[in-house]
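First the structure, in the form of structure tokens, and then the observations on it.
These figures come from a predicted structure and were not determined experimentally. Position 1 is the first residue of the sequence; numbering continues from there.
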Amino acid sequence: PIGPNTPLPTFLILPIWVERNLSAVLWIAAKGVKQFTIEDITSVRQLADQIAVALSNSSLIEELKEMDWGTLKALARAVDAKSPWTAGHSQRVTDMALRIGSVLELKPKELENLHRAALLHDIGKVGIPSAILDKKSELSDDEFRLIKRHPEMGGKIIEPINAFREIIPIIVQH
């Protein structure tokens, strides 16, 4: 209980700035201390600066995730745009795959991989000539063999992206 003779704690309040925006406040209280020393303030300032770096890194990670998903969706749209027959196909496959994954109670990381793979499952079609993709008549045996290679081509296309290594088998085997 605080009474008239109870000494109040001493406070040190430091702003935490991230990209010139006030992101947080570090509030330190000490009982029985009349004033913080320069060393105390320097140590707490260093802690506040480390918190600012962590908050900034967290923000960058979120931006990278948004860019990652944006890039995936753009690539899927590029594949779908190659042929009027496939418009919206990647998104429909993704929606269906995620529903199935939810019913199967896949773990969050597995669902994320499924989401990525479903969006990119047809990326190999960029290596198939439009004349074959859009052909209205029956495909020749050679044309059909080429179409059947698009999953393998898709795996080769995304192979250099280390973050997508886990989804290559899904794309290759779809």
Exercise. In this structure, which one of Val79, Ile128, Leu75 forms a side chain to side chain contact (heavy atoms under 4.5 Å, CB included) with Asp122?
Worked result: Val79

Problem set entry | Cluster link Leu47 to Phe36, ILVMFWY, side chain under 4.5 Å | yes

Problem set entry | Gap between atom CD1 of Ile170 and atom NE2 of His121 - 0.5 Å precision | 12.0 Å

For this session: Using a cut-off of 6.0 Å, state whether more than 12 heavy atoms not belonging to Leu104 lie near its atom CG.
Result: yes

Exercise. Do Phe164 and Ile171 come close enough that some side-chain heavy atom pair is under 4.5 Å?
Worked result: no

Exercise. Which atom pair, heavy atoms only, marks the closest approach of Ser140 to Glu143?
Worked result: N-OE1, 2.7 Å

Problem set entry | Mutual orientation of the aromatic rings belonging to Phe11 and Trp27 [parallel < 30°, tilted 30-60°, perpendicular > 60°] | perpendicular

Exercise. Does a side chain donor of either Ser43 or Asp40 reach within less than 3.5 Å of an acceptor in the other side chain?
Worked result: no

Problem set entry | Val126 reachable from Ile161 in the ILVMFWY side-chain graph, under 4.5 Å edges | yes

For this session: Evaluate the side-chain proximity of Arg145 to Asp141: yes if any heavy-atom separation is below 4.5 Å, no if none is.
Result: yes

Seminar exercise, completed: One should read off an interatomic distance between Ile168 CD1 and Arg116 CZ, to the nearest 0.5 angstrom, of 12.5 Å

Seminar exercise, completed: Tightest non-hydrogen contact, residues Leu114 and Ala97, listed as CD2-O, 3.2 Å

Seminar exercise, completed: Taking every heavy atom of Pro151 against every heavy atom of Val172, the minimum-distance pair comes out as CB-O, 3.4 Å

Problem set entry | Linked, directly or transitively: Leu133 and Val93 (ILVMFWY side chains, under 4.5 Å) | no

Problem set entry | Spatial distance of atom OG1 (Thr94) from atom CG (Leu120) [nearest 0.5 Å] | 8.5 Å

Exercise. Of all heavy-atom pairs between Arg165 and Glu159, which one has the smallest distance, and what is that distance?
Worked result: NH1-O, 3.1 Å

Problem set entry | Leu98 with Ile100, same ILVMFWY side-chain cluster at under 4.5 Å | yes

Problem set entry | Value rounded to 0.5 Å, distance of CG in Leu146 from CD1 in Ile132 | 4.5 Å

Problem set entry | Student check: side-chain heavy atoms of His150 and His174 closer than 4.5 Å | yes

Problem set entry | Carboxylate-amine/guanidinium proximity below 4.0 Å for Arg45 and Asp49 | yes

For this session: Measure the NZ-CD distance between Lys73 and Gln91 for me, rounded to the nearest 0.5 Å.
Result: 7.0 Å

For this session: Indicate, with yes or no, if Ile158 and Met153 share a hydrophobic cluster defined by side-chain heavy-atom contacts under 4.5 Å among Ile, Leu, Val, Met, Phe, Trp and Tyr.
Result: no

Exercise. Quick one: CD1 on Ile167 to CD on Glu112, what's the gap to the nearest 0.5 Å?
Worked result: 10.0 Å

For this session: Begin with the C-alpha distance, continue with both residues' side-chain angles, and end with the deciding distance and a verdict on salt bridge (Lys or Arg N to Asp or Glu O under 4.0 Å) for Arg92 and Asp95.
Result: CA-CA 5 Å; Arg92 288 189 301 275; Asp95 293 342; over 6 Å; no

